[in-house]
Visitor: 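Below you'll find the structure I mean.
Only heavy atoms go into these numbers, but all of them, side chains included; no hydrogens, no water, no symmetry mates.
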Amino acid sequence: MNKVIKSLVWKVLQQYSSYILKLLVQIILARILIPEEFGIIAEISVFLALADTIANNALGVALVRKGDADEVDFSTAFYGSLLIGSMLYLCIFLGSPYISRFLDEQLLTSLLRVNSISIFLSLYLSILNAYVIKNFQLHKNFISSLISSVISGIIAVILAYAGFGVWALVFQNILLLLFNVIILQMMISWKPQRYFRIEVMRQMFNFSWKYMLSALLGSLLENTYNLSIGKFYGNETLGYYNRGNTFPGILIGQVRIAFNTILLPVFSERQRNQEILLESIKKATHISVLAVFPLVTGMIAAAEPLVEFLLTDKWLPSVFFLRIECIFYAALSISTTIGCAITAVGRSDILAKTEFFKLLMTIISIYFFHTYNVKSLCLIRVVIALIAIIYTVKCAGKLIGYNFGALLHDIKGPFLLSMLMGIIIYPVNFLNLTSIAKLAIQVCVGILVYMCGIIIFMKKDIKNIRAMAVKQSFAKGEPRSDREKFKNKDKVW
């Protein structure tokens, strides 16, 4: 198995193990806490997510992309990131009283100031993650995330049962990052040294500022909905939206993040040969939707028994949000893969323009439609994501040659098969059974239908996956020329 596939497997395992554990903890906490408390945390997350996005994408992405990053680069990025984090924390600390007054929630001041400590931990973790990604040591990330998720989750549940309320969620976030940093630092050989070069930092920032701006606009876009729902519809509605967003955000969103983390350095290595890059994009897009689409249709079909069984009846209003967010994350997974390729060829400014357009459309839609109902805002959010895909593919077609025809070809099979699976399992909701029985039937039948469909209609995918797992296209040395690489298409991954 080559290093890329190994890294992808470990990244997916790391993402899913830590977030599934986090999901289990959130399920337990949802049974203890009330929707309003989750709404308060969602409001805090708006501002912390913006700060984390700036911090994590400022220099860490440049380290991953730089092929010959050395000790000076890593240490410079570390100290530069701490400087950025200090400025961010100061802004949040001084601005938290004004945020509390704007949202009419006085508790937010202390919650924001305490939870903002996590910015420094996120910064440190971003540098450590860059090291393990560049050295293909993602199994270490998996181990540290797994252990820290278990420890922080147990402590959070204990605090919730002890009556700490919303503070249990705050401490869970801080402890998760703290233990992750400590464990990962113990497992790798790199440690910050006394190196700091202004010129090195300037070079890294020259690349990363556009990527950071794109990520910042995306984060601002994502969290504008949280802020708007909390402001116009109250913390209870925001709590329902937050819980509905959790399941697709973890199960689907983490596939997207895992692919994004691995594909950026892979595409960057192949940016000089457009034929090889194009073939890699096609395979990456096809495999990502092969994994994402069945999750989307499965959760949409089984949303009601899923929420009823895991979160109890008091969270049933979140079913609509869960279904609409599934469609949103499916669209986002497509644009993310193509966006990685655009970034790899040095046009991260296109992603920034796309996110700015999405943010502008979001603000306009909120201004005109917030007087209707919250469902209208969520539906418009999906429409904007679909428009963004059209623009991204149009740009990719000009830069790389990946056009709408190629995209439709890559997603057609998984889409049709997933729709068939969803149509078959949805009627189970009307059976006179308990929620757990409905959910069990839908999961089992859904997996059976989808796997049988792959075996019958998509034999080529089985061949490609088997080839990636067995042939070791990188492990036995690189082909002698780029042209030879392209001839062996099954090995180009």
Side-chain angles (χ1 to χ4, degrees), residues 210-211 213-222 224-225 248-249 252-253 255-257 259-260 263-264 267 271 274 277-293 295-297 300 323-369 376-419:
K210 293 179 182 179
Y211 191 87
L213 179 60
S214 172
L216 177 61
L217 290 172
S219 180
L220 185 60
L221 170 67
E222 176 70 22
T224 296
Y225 281 90
I252 301 170
V255 173
R256 179 181 66 86
I257 293 173
F259 268 81
N260 188 32
L263 292 178
L264 180 59
F267 289 162
Q271 60 181 297
Q274 184 169 325
L277 179 60
L278 178 60
E279 186 66 22
S280 297
I281 295 169
K282 289 171 65 66
K283 286 194 174 184
T285 303
H286 183 70
I287 292 177
S288 66
V289 298
L290 195 67
V292 167
F293 282 3
L295 290 175
V296 168
T297 54
I300 290 175
R323 285 172 170 158
I324 204 70
E325 288 298 295
C326 282
I327 302 173
F328 171 78
Y329 276 104
L332 199 61
S333 66
I334 296 173
S335 59
T336 297
T337 303
I338 302 171
C340 272
I342 294 175
T343 301
V345 297
R347 292 302 306 273
S348 54
D349 59 301
I350 292 177
L351 301 187
K353 293 176 183 177
T354 304
E355 295 300 332
F356 179 76
F357 167 77
K358 289 162 64 178
L359 178 61
L360 180 62
M361 293 300 296
T362 298
I363 294 173
I364 293 173
S365 64
I366 289 173
Y367 178 79
F368 284 104
F369 291 96
S376 300
L377 293 182
C378 294
L379 290 171
I380 293 172
R381 167 177 161 92
V382 172
V383 173
I384 294 173
L386 295 174
I387 294 173
I389 290 179
I390 296 174
Y391 176 73
T392 305
V393 175
K394 182 178 179 181
C395 294
K398 294 180 179 179
L399 290 172
I400 310 164
Y402 190 76
N403 53 32
F404 289 103
L407 175 63
L408 292 176
H409 177 268
D410 293 331
I411 70 174
K412 177 179 63 177
F415 175 78
L416 294 176
L417 184 56
S418 298
M419 290 295 294

Visitor: A side-chain contact here means heavy atoms from C-beta on lying under 4.5 Å apart; do Tyr402 and Leu407 qualify?
Guide: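 Yes, side chains in contact.
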
Visitor: With side chains defined as the heavy atoms from C-beta onward, is the minimum distance between Val292 and Tyr329 less than 4.5 Å?
Guide: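 With C-beta onward as the side chain, the pair stays apart.
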
Visitor: Can you list the residues that meet the side-chain contact (heavy atoms from CB on, under 4.5 Å) rule with Ile380, with sequence neighbours excluded?
Guide: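 Expected list: Ser365, Phe369, Ile384.
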
Visitor: To the nearest 0.5 Å, what is the distance between NZ (Lys358) and CZ (Arg381)?
Guide: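 If we round to the nearest 0.5 Å, Lys358:NZ and Arg381:CZ are 9.0 Å apart.
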
Visitor: According to salt bridge (Lys or Arg N to Asp or Glu O under 4.0 Å), does anything in residues 402-414 pair up with another residue at least two apart or in another chain? List the pairs.
Guide: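 Residue pairs with at least one partner in residues 402-414: Lys282-Asp410.
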
Visitor: How close do Phe404 and Lys394 get, counting heavy atoms only, and between which atoms?
Guide: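 Between these two residues, the closest heavy atoms are CZ-N, 4.2 Å.
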
Visitor: Restricting to side-chain contact (heavy atoms from CB on, under 4.5 Å), what partner residues turn up for Ile387, sequence neighbours left out?
Guide: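 side-chain contact (heavy atoms from CB on, under 4.5 Å) list for Ile387, sorted by chain: Phe357, Val383.
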
Visitor: CD1/Ile324 to CG/Leu379 distance, rounded to the nearest 0.5 angstrom?
Guide: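 So the gap between those two atoms works out to 4.5 Å.
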
Visitor: Roughly how far apart are Ile411 CD1 and Phe293 CZ, rounded to 0.5 Å?
Guide: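 Spacing of CD1 (Ile411) from CZ (Phe293) equals 5.0 Å.
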
Visitor: Please check if atom CZ in Phe415 has more than 12 non-hydrogen atoms from other residues, nucleotides or ligands closer than 6.0 Å.
Guide: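 Incorrect, the count does not exceed 12.
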
Visitor: Tell me which pairs pass salt bridge (Lys or Arg N to Asp or Glu O under 4.0 Å) where either residue lies in residues 359-368, with sequence neighbours left out.
Guide: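 Checked against salt bridge (Lys or Arg N to Asp or Glu O under 4.0 Å) - neighbours excluded - no pair reaches residues 359-368.
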
Visitor: For Ile389 and Ser335, which heavy atoms make the closest approach, and how far apart are they?
Guide: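 Closest approach of Ile389 to Ser335, heavy atoms only: CG1-CB, 4.0 Å.
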
Visitor: How far apart are the closest heavy atoms of Ser418 and Thr297, and which atoms are they?
Guide: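 The pair with the smallest heavy-atom distance is O-OG1, 3.3 Å.
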
Visitor: Holding to side-chain contact (heavy atoms from CB on, under 4.5 Å), I want the full list of residues that pass it with Leu360, two or more places apart in sequence or in another chain.
Guide: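 Listed in chain order: Ile364.
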
Visitor: Any side-chain heavy-atom pair from Ile327 and Leu386 closer than 4.5 angstrom?
Guide: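 No; the side chains remain at least 4.5 Å from each other.
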
